[in-house]
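Order of listing sets the numbers, starting from 1, for every ligand and every atom in it.
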Amino acid sequence: MTETKSKLIHTFGALAEIGQEVSNRKDFHETMRTSLHLLLGSLAIMRGGVARYSRFEHSMQMVAARGLGDEFPLALSLCYEDERQFIANGLYPFEVAQAQVLPFVQVYDNSLGRTRIDLIVPLVIRDDMVGCLFLGEKASGEPYSSYDRDIISAMGRHVGVAIAQRNMLADLERKADENRQLFDNLKTTYKDTVSAFAAAIDCKDRYTEGHSVRVGKYSEIIGAELGWSDDEVEGAAVAGYLHDVGKLTVERKIINAPYRINAKESAELNKHPAIGYEILMPIHHPYADVPLAAKYHHERLDGRGYPDGLYDRSIPYIAKVVNLADSFDAMTTDRPYKRRRPASEVFDDLQRNSGKQFAPEIVNAFFRGMLKELTGEAKEKRFRKLLGREYMEAEGLVPLLRNALNGMAPTSPLTFINSD
Ligand SMILES: [Fe+2]
Ligand SMILES: [Fe+2]
């Protein structure tokens with residue numbers, strides 16, 4: 001009685017340990033080895049192994065083995081009939097000697113015989129076969145009692161659950177991987193489409209070649225300087241690329257007019273933000289509010305912009321960023337009726353209009369970005385690529401920028417309209 005009791009305590013202790021081992025979620029193979037060790041140890045079984053079953057490949061891979069020697073196969077195939085019989089048998093040990101009708105036992109008769117495997121336990125979890133236990137004889141030489149078989153079944157369930165969990169995790173990882181891949185593909189497609197659109201918009205306007213692309217790049221610089229996340233910075237770039245998409249519907253002769261356009265033509269041209277919004281609205285954009293940037297990129301803080309004459313805080317932030325990028329590009333590129341303006345004049349303009357047209361902290365960020373490039377703090381020469389070497393190497397740009405920055409500080413994201 002005492003012996004039975006201590007045996008019971010011992011085996012239940014081992015069972016609890018397997019449970020703990022499985023829930024610890026350590027290295028899978030380590031878990032399998034420890035579980036096998038505990039199972040063999042608790043019933044004093046001479047040798048054994050755990051195999052993991054893949055339904056797709058109809059094959060089992062050994063994941064842990066003890067005392068099986070080198071001859072035991074590392075992979076074992078199952079036919080459909082084997083699988084059906086194993087599942088029907090459930091998580092209960094059966095004797096190899098009694099299962100000679102099984103194709104599996106016939107095929108591996110030699111290996112099972114040579115390694116002296118007595119019991120096979122299909123690991124069936126929720127009607128799904130996830131693996132198998134192979135067990136040799138007990139050290140005592142006694143046959144397995146029904147009590148032993150119950151213990152083996154219980155421990156096998158824990159091992160089976162660990163394999164099922166591992167399968168589920170692998171499946172999830174695979175799906176997450178597929179999703180990531182799909183998302184990356186979509187992102188690339190989106191970016192390619194955006195670039196193609198920007199090129200199409202710029203094509204129409206022969207005097208401002210590359211305007212959309214440059215506005216995209218300036219917006220990107222501003223976003224990064226404002227400390228935005230990578231996705232937000234990318235969103236700013238897209239908003240810049242697409243801000244003038246509405247111009248696609250404006251007559252070419254108005255866009256390309258080599259003179260100052262009249263009021264009627266101007267009214268026509270000024271429809272482009274609203275049209276851009278209509279074009280972009282039905283598209284799902286993964287980032288910032290691209291349609292709003294198109295609609296409001298000609299608004300001004302002082303309410304004198306168009307199309308809605310919005311004031312400061314009613315203007316979407318991304319539209320303020322694009323507005324500055326857009327205006328800066330207009331000032332620094334040649335137009336049919338106007339040459340590009342020198343940097344000193346442009347800085348002065350931005351500074352004077354900060355708080356009227358532009359949000360001061362955005363002007364500030366823009367100046368900071370440029371100063372960093374000029375002082376070598378930023379390695380990438382983005383402004384130089386966009387404005388040309390000559391423009392960026394003009395005399396006195398650094399002190400001009402420093403003065404401008406000093407004159408503007410301190411700034412707050414909550415901007416009010418200047419009264420002067
Ligand atoms: Fe515009
Ligand atoms: Fe523009």
query: Any ion pair linking E178 and R174 (charged N to carboxylate O, less than 4.0 Å)?
result: yes
query: Which protein N, O or S atoms lie under 2.8 Å from the Fe ion (ligand 1), given by chain and residue number?
result: D244 OD1, H272 NE2, H297 NE2, H298 NE2
task: Only one of D192, V238, L242, L280 passes side-chain contact (heavy atoms from CB on, under 4.5 Å) with F197; say which it is.
output: L242
message: Taking K338 first and then D334, would you say they form a salt bridge - that is, a charged N and a carboxylate O separated by under 4.0 Å?
response: no
message: Please determine whether a side-chain nitrogen of the Lys or Arg among E299 and K320 lies less than 4.0 Å from a carboxylate oxygen of the Asp or Glu.
response: no
query: What residue pairs, at least two apart or across chains, pass salt bridge (charged side-chain N to carboxylate O under 4.0 Å, His left out) with a residue in residues 102-111?
result: none
task: Find out whether the Lys NZ or Arg CZ of R52 is both under 6.0 angstrom from the six-membered ring centre of F28 and within 45° of the ring's axis.
output: yes
